[in-house]
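Note sheet for the following structure.
As a basis for the values below, the full set of heavy atoms in this structure was taken, side chains included, without hydrogen atoms, waters or symmetry mates. Heads up: numbering here begins at 1 and tracks the sequence.
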Amino acid sequence: MQSSVGKVGVPAAVAAEEEPQEAPSAGAPDSLPSASAYRRQFWFFAVLNGLLWGLVFAFCLKNCRLDTIEQYFVGQEWVFGSTKHPALTATLLDIVSRLTFRADFAHVLLTRLCVLVSLWAIWRAARELVSEGLALLAAVAMFNYWFFQYESINYNNNVTLNMAWSCTFLFTLLAYKTNRMRYWLLAGVTTGAGLYFKYTMILMPIVTVLFMLVDRDARKLWRRPGPWVTTGTALLIFLPLALWVARNDYVTLGYATRHATSNSWSGYLLCPLRFLVDQLPFFLPIILPLIPVCGWLGKWDSSRVGRTLESRFLLFMLLGPLLLQLLISSMDRAWLRGALGCHLWLFFTILLLHVLKVDESRRNLRRGLFCSFAITLVFMMGAVAGTEAGPWLKHRASRYHFPGKALAIEVEKRWHAEHADRLPWVAGSWWHAGNVSAYGEDRARVHADVSPNGFFDAGRTISTWSTTSNVNREGGMIVWLIPDDAGNDYCPPNLKELFPKVILQEPLELPCQTRAPVPAVRVGIGLLEPETLTEPAKTPGP
């Protein structure tokens, strides 16, 4: 079968003249809305979805989640990376936070913008592979993707990775179809930028190169400058980060490859199997809206599968990264978290609508759209109910209810009782120190352990920009969690070893942001005087 790029450099529109046109989908009437009407509907639904989830987040989020707190304190450093991840995700949040005058909703706004860009890229790619009506359904069904709805409460590297992944797929698809240089260039830009979001992005160029080596029509494109422009652009953008990683002893790569492992031989099978099972809750909700047009079981349309270069690329880009991650999990016998597959199902709805026989009647499309929004409303109500009822059912508060702002106010008050200058550093356990920084007026810099509640276990810090010497020299506040079974005089065993001049303060006991009868949060505090106190400024004479 011929590809839509029968000759290298020939646009699909020209090549299509040489091929017989596909018959319209079964059951598709002539009275379907126009392409422009479908496009208006997409933007209406996408913006409405973003506004509704934004309101849910505003209602649910009394305190940011763990990863969002991390992005706030990492972002203000403007570094290439922390011990965990590249830092562009965090830097973007700092930019939006500054533009919104440090508004509490900065991370919500940025999350919804990233999700909107991801959905646009999915919708735009779908329009190249299926009809306008099915493209709308493919995109609207993705509204219920776990990482685009409830999980997007947590602004983190997965949010920006999904954006870069979907945009790179779109621009590569358009480059294959048109061979226009701007798309090859954009594919390189989004690939390089994606590596600054999360190292998992490396799977995209690996799978793309493999596809262009094994596919007969794709191999011909290497004779043109496009693929080389994409490769060179991505490498040029990634080079500064690669040099930074090398200069810092590959610290972020070390964290990325640190997973819980299985020592038994069964791990070769059980680890990838567990990862695959963990994916089920992510993609099952996006399949349900497709049932009205595809049927409950769906019928394979063999006449469309692999007929064009773009069709084969779609199939390869869905299966390739999944198989690679399963292979990595098996070879390392590593228990990969399900969230590490957040990018794997971004084009799943497009694939199903492309390879299955569909009944694209107006009634069925409306049913699919209605089903998608019904699922969205269920998720929204579940998010609100779960957040509010959680402390009552579990008899403990979650991080959503943590008194982060109250903690920041109290810690900064202790510092300003002794010093007029802004609080320079807050050190200790990542979660507590991060809350002081994110919610505090002084936006103190953070020096913390890589474990959220840990206190510098073996010196493993998340902070690539600081050492304990910086904190001891410039002064700051030290915070740590007091365990439930410990007294108020508890302090970490290595506190004095790391911060010899720390002055212990009266610990804080703060109520959680819920009416449920849950224990208050107890946080230990220490004040660290600067080694050289700054002299007060002299008032100029007359």
Side-chain angles (χ1 to χ4, degrees), residues 22-33 35 37-39 41-42 44-46 48-49 52-53 115 118-119 122-151 162 166 276-305 311 314-315 317-319 322 338 341-342 344-383:
E22 294 184 28
S25 303
D30 296 332
S31 58
L32 288 173
Y38 280 127
R39 294 170 191 177
Q41 288 178 44
F42 166 76
F44 172 77
F45 291 145
L48 177 63
N49 180 72
L52 290 175
W53 272 113
V115 170
S118 301
L119 289 170
I122 293 168
W123 168 67
R124 183 65 183 82
R127 288 169 52 198
E128 300 296 325
L129 293 157
V130 296
S131 67
E132 291 283 351
L134 293 179
L136 173 64
L137 180 60
V140 172
M142 288 300 297
F143 289 177
N144 300 306
Y145 190 45
W146 178 252
F147 298 95
F148 288 165
Q149 33 101 351
Y150 183 74
E151 184 60 22
N162 286 339
S166 55
L276 192 59
V277 171
D278 286 345
Q279 302 305 304
L280 294 177
F282 301 153
F283 67 79
L284 285 179
I286 67 179
I287 296 177
L288 295 178
L290 308 185
I291 292 176
V293 298
C294 298
W296 285 97
L297 298 178
K299 295 182 180 179
W300 192 262
D301 189 351
S302 58
S303 65
R304 304 179 67 183
V305 180
S311 176
L314 170 65
L315 184 61
M317 284 309 303
L318 192 95
L319 295 179
L322 174 61
C342 65
L344 296 176
W345 310 103
L346 296 178
F347 321 116
F348 193 47
T349 56
I350 304 177
L351 179 68
L352 292 179
L353 293 174
H354 180 68
V355 303
L356 297 179
K357 293 181 179 180
V358 297
D359 182 359
E360 193 185 345
S361 64
R362 176 178 290 193
R363 182 182 64 176
N364 287 341
L365 286 176
R366 285 180 175 175
R367 285 178 175 176
L369 297 176
F370 177 82
C371 177
S372 180
F373 270 94
I375 296 172
T376 298
L377 291 176
V378 170
F379 274 127
M380 288 180 178
M381 291 186 292

Are the side chains of Leu369 and Arg366 in contact, using a 4.5 Å heavy-atom criterion?
no
Between Asn162 (side chain) and Val115 (backbone), is there a donor-acceptor pair under 3.5 Å?
no
_Could you tell me if the side chain of Leu52 sits less than 4.5 Å from the side chain of Phe143, heavy atoms only?_
no
In short, Leu346 meets Cys342 closest at the heavy-atom pair CD2-O, 4.1 Å
Nearest heavy-atom approach of Leu129 to His354 is O-ND1, 3.2 Å
- Message: Tell me if the CG atom of Leu297 is crowded by more than 12 foreign heavy atoms within 6.0 Å.
- Response: no
Any sub-3.5 Å donor-acceptor pair from Thr349's side-chain atoms to Ala141's backbone N or O?
no
Could you check, using the six-membered ring where one of them is a Trp, whether Phe42 and Trp123 have ring centers closer than 6.0 angstrom? yes
Rounded to the nearest 0.5 angstrom, the CZ-CG distance for Phe283 and Leu352 is 9.5 Å
Return the orientation label for the Trp146 and Phe379 ring planes: parallel under 30°, perpendicular over 60°, tilted otherwise.
perpendicular
Ignoring hydrogens and geometry, is there a side-chain-to-backbone donor-acceptor pair from Asn144 to Thr376 under 3.5 Å? yes
Minimal heavy-atom distance between Val358 and Leu353, with the atoms involved, is CG1-O, 4.0 Å
Do Gln279 side-chain atoms and Gly338 backbone N/O form a donor-acceptor pair below 3.5 Å? yes
For residues Leu136 and Phe45, determine if any side-chain heavy atom of one lies less than 4.5 Å from a side-chain heavy atom of the other. yes
In this structure, CG of Leu134 is separated from CD1 of Ile350 (nearest 0.5 Å) by 11.0 Å
_With a 6.0 Å cut-off on the ring centroids, do Tyr145 and Phe348 count as close?_
no
Go through it in stages, so that I can follow the logic: the residues are Val293 and Glu360, the test is side-chain contact (heavy atoms from CB on, under 4.5 Å), and I'd like the CA-CA distance, side-chain angles, deciding distance and then a yes or no. CA-CA 6 Å; Val293 298; Glu360 193 185 345; 5.8 Å; no
Practice task
Answer yes or no: is there a side-chain heavy-atom contact under 4.5 Å between Tyr38 and Leu365?
Solution key: yes
Rounding to 0.5 Å, atoms CD1 (Ile291) and CZ (Arg367) come to a distance of 12.5 Å
